[in-house]
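Atom set for the values below is all heavy atoms of this structure, side chains included, hydrogens, waters and symmetry mates excluded. This is a predicted model, so every value here is computed, not measured.
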Amino acid sequence: LVTYAAEWFQPAQPTPPCVAAPLPASAPAPEDWTLEDLTGFVRSPARWFLRERLGIRLYRADDALADAEPFYLDGLASYTVGQRLVAAHLEGQDADPAYRRLRSEGLLPAAAAGRRLFEQAWRDTAAFAARLVPFLATSQADVLLDVDIAGARLTGRLRGLTDQGLVEYRYAKQRARNLLELWVRHLAINVVRAATPTRYVLRDETVLLQPPADAHALLADVLTLASQGRGEALPLLPECAFAYLNAKDHDSGLAAARKAWEGNSYLDLPGEGDDADVQVAFRGRDPVSEPAFVELAQRLCGPLLAAMERA
């Protein structure tokens with residue numbers, strides 16, 4: 001029978017945690033890191049721990065091939081098509097070749113339904129690309145990163161450099177995990193090039209990151225957290241952390257973080273706690289209620305929010 005009684009929701013016995021205590025170091029800490037290592041960590045520390053330390057890669061529903069013919073674009077497909085069409089506009093491509101390419105790859109529905117969706121997306125992405133053109137007019141060569149950070153070597157490639165700084169775009173709305181990935185690249189470019197701003201063009205806004213005075217120390221702290229995240233699932237949840245820090249005080253912040261964790265089943269909006277990697281890594285734990293959650297949110301996300309401006 002359907003019920004909302006909380007006492008019936010709890011399991012008969014407590015669920016044992018996935019990992020009861022931080023794992024001992026199985027090998028010397030790696031001295032070579034890449035930007036992809038750090039962006040992968042900040043995007044999902046839970047997934048980072050499962051994959052990097054335990055070798056666990058969970059199956060996801062999105063990994064399966066669709067077994068039904070699509071007649072519309074869902075959220076992920078809409079983003080993929082939009083991102084591709086923005087690139088097509090920036091490269092000066094025509095509509096018909098872009099349509100045939102997406103259709104041949106199975107990204108669009110067949111026949112008239114797919115054509116109508118494409119034509120609408122083509123118009124919308126044209127306006128988005130027009131916003132990007134002024135920022136990308138003075139592009140520069142990629143920068144190869146090879147620096148010493150806290151006794152470790154950090155390498156990578158930084159793209160999207162212009163005379164106005166680093167410019168990236170995403171045909172979507174703002175997400176905390178994507179902002180944190182951008183933050184790592186923003187810190188990296190400011191380690192090798194002082195006082196470099198970053199612009200992040202989104203569908204509904206443009207985010208400006210001001211260059212921090214202590215980029216080297218902040219990037220070293222991210223590396224320290226990533227190294228710690230190899231041994232345990234840190235209660236560092238990007239969406240919940242942003243919800244907490246954007247609230248007016250501690251209590252309302254915890255309430256906002258709890259909401260981001262649980263989602264909204266009535267509106268069919270999943271929370272961060274519904275992610276498969278998060279469920280496994282934090283089995284038997286309530287990371288939002290752990291004291292380290294607030295500390296880690298302020299430590300990683302606080303400097304980002306302090307440097308961020310909306311345009």
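Residues Pro235 and Val288 are not in side-chain contact: their nearest non-hydrogen atoms beyond the backbone lie 4.5 Å or more apart. The closest side-chain heavy-atom distance from Ser78 to Leu117 is not below 4.5 Å. Residues Phe118 and Leu107 fail the side-chain proximity criterion, which asks for heavy atoms closer than 4.5 Å. For the pair Leu296/Leu225, a side-chain contact is recorded, criterion being any heavy-atom separation below 4.5 Å from C-beta on. Side chains of Leu85 and Gln93 form no contact here, defined as non-hydrogen atoms less than 4.5 Å apart. No side-chain heavy atom of Thr198 sits under 4.5 Å from any side-chain heavy atom of Trp183.
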Discussion item. Apply salt bridge (charged side-chain N to carboxylate O under 4.0 Å, His left out) to residues Arg177 and Asp275 and explain how you reach the verdict.
Written reply: CA-CA 13 Å; Arg177 60 190 182 189; Asp275 180 82; 5.7 Å; no
Fill in: Trace of the side chain to side chain donor-acceptor pair (under 3.5 Å) decision for Asp37 with Thr34
CA-CA 5 Å; Asp37 290 331; Thr34 66; 3.2 Å; yes
Fill in: Pair Glu52-Arg47, salt bridge (charged side-chain N to carboxylate O under 4.0 Å, His left out): steps then yes or no
CA-CA 8 Å; Glu52 291 294 318; Arg47 185 182 304 178; over 6 Å; no
Discussion item. Determine whether Tyr79 and Leu73 satisfy the following criterion, side chain to side chain contact (heavy atoms under 4.5 Å, CB included), listing intermediate values before the conclusion.
Written reply: CA-CA 9 Å; Tyr79 162 73; Leu73 298 177; over 6 Å; no
Item to complete: With side chain to side chain contact (heavy atoms under 4.5 Å, CB included) as the test, would you mind laying out the steps for Gln174 and Val207 before giving the verdict?
Response: CA-CA 9 Å; Gln174 182 188 128; Val207 173; 4.1 Å; yes
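Here the CD-OH distance, from Gln83 to Tyr169, works out to 5.0 Å after rounding to the nearest 0.5 Å. With rounding to the nearest 0.5 Å, the separation of CZ in Phe293 from CD in Gln298 is 9.5 Å. Here Leu145 contributes atom CG and Arg193 contributes atom CZ; the two are 11.5 Å apart, rounded to the nearest 0.5 Å. To the nearest 0.5 Å, atoms CZ (Phe282) and SG (Cys18) are separated by 10.0 Å.
In this structure, Arg115 pairs ionically with Glu119, as a charged nitrogen and a carboxylate oxygen lie closer than 4.0 Å. Using a cutoff of 4.0 Å between basic side-chain nitrogens and carboxylate oxygens, Glu168 and Arg159 are not scored as salt-bridged. Taking 4.0 Å as the cut-off between side-chain N and carboxylate O, Arg84 and Glu105 count as a salt-bridged pair. Note on Arg100 versus Asp94: no salt bridge recorded, every NZ/NE/NH1/NH2 to OD/OE distance being 4.0 Å or above.
Of the possible donor and acceptor atoms, none in the side chain of Asp214 sits under 3.5 Å from a partner among the backbone N and O of Ala217. Using a distance-only test at 3.5 Å, with no hydrogens or angles considered, a donor-acceptor pair links the side chain of His186 to the main chain of Gln210. A donor-acceptor contact shorter than 3.5 Å is absent between the side chain of Ser227 and the backbone of Leu223. Checking side-chain atoms of Arg170 against main-chain N and O of Val201 turns up no donor-acceptor pair under 3.5 Å. No donor-acceptor pair under 3.5 Å is formed between the side chain of Asn246 and the backbone N or O of Ala243. Without hydrogens or angle criteria, Asp142 side chain to Arg157 main chain gives no donor-acceptor distance under 3.5 Å. Remark: the backbone N or O of Tyr244 is not paired with any side-chain donor or acceptor of His250 at under 3.5 angstrom. Checked by atom type and distance alone, the side chain of Glu272 never pairs as donor or acceptor with a backbone atom of Trp261 at under 3.5 Å.
Aromatic ring orientation, Trp33 versus Trp48: parallel (interplanar angle below 30°, classes split at 30° and 60°).
Within 6.0 Å of CG in Asp268 there are 12 or fewer heavy atoms belonging to other residues, nucleotides or ligands.
Here the closest heavy-atom approach between residue Pro211 and residue Asn190 is recorded as CB-OD1, 3.1 Å. The minimum heavy-atom distance linking Thr196 with Gly165 is given by the pair CG2-CA, 3.8 Å. In terms of heavy-atom proximity, Val42 sits nearest to Pro238 at O-CG, 3.5 Å.
Side-chain N/O atoms of Gln120 and Asp124 include a donor and acceptor closer than 3.5 Å.
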List the atom pairs, donor and acceptor, that lie under 3.5 Å between side-chain atoms in residues 126-135 and the rest of the protein, sequence neighbours left out.
| residue | atom | partner | partner atom | Å |
| --- | --- | --- | --- | --- |
| Arg131 | NH1 | Leu202 | O | 2.9 |
| Arg131 | NH1 | Arg203 | O | 3.2 |
| Arg131 | NH2 | Leu202 | O | 3.1 |
| Arg131 | NH2 | Glu205 | O | 3.4 |
| Arg131 | NH2 | Thr206 | OG1 | 3.1 |

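Counting side-chain heavy-atom gaps under 4.5 Å among Ile, Leu, Val, Met, Phe, Trp and Tyr, the cluster of Tyr266 also holds Leu267, Leu269.
Listed by first then second residue, pairs satisfying salt bridge (charged side-chain N to carboxylate O under 4.0 Å, His left out) with a partner in residues 143-156 read Asp146-Arg153, not counting sequence neighbours.
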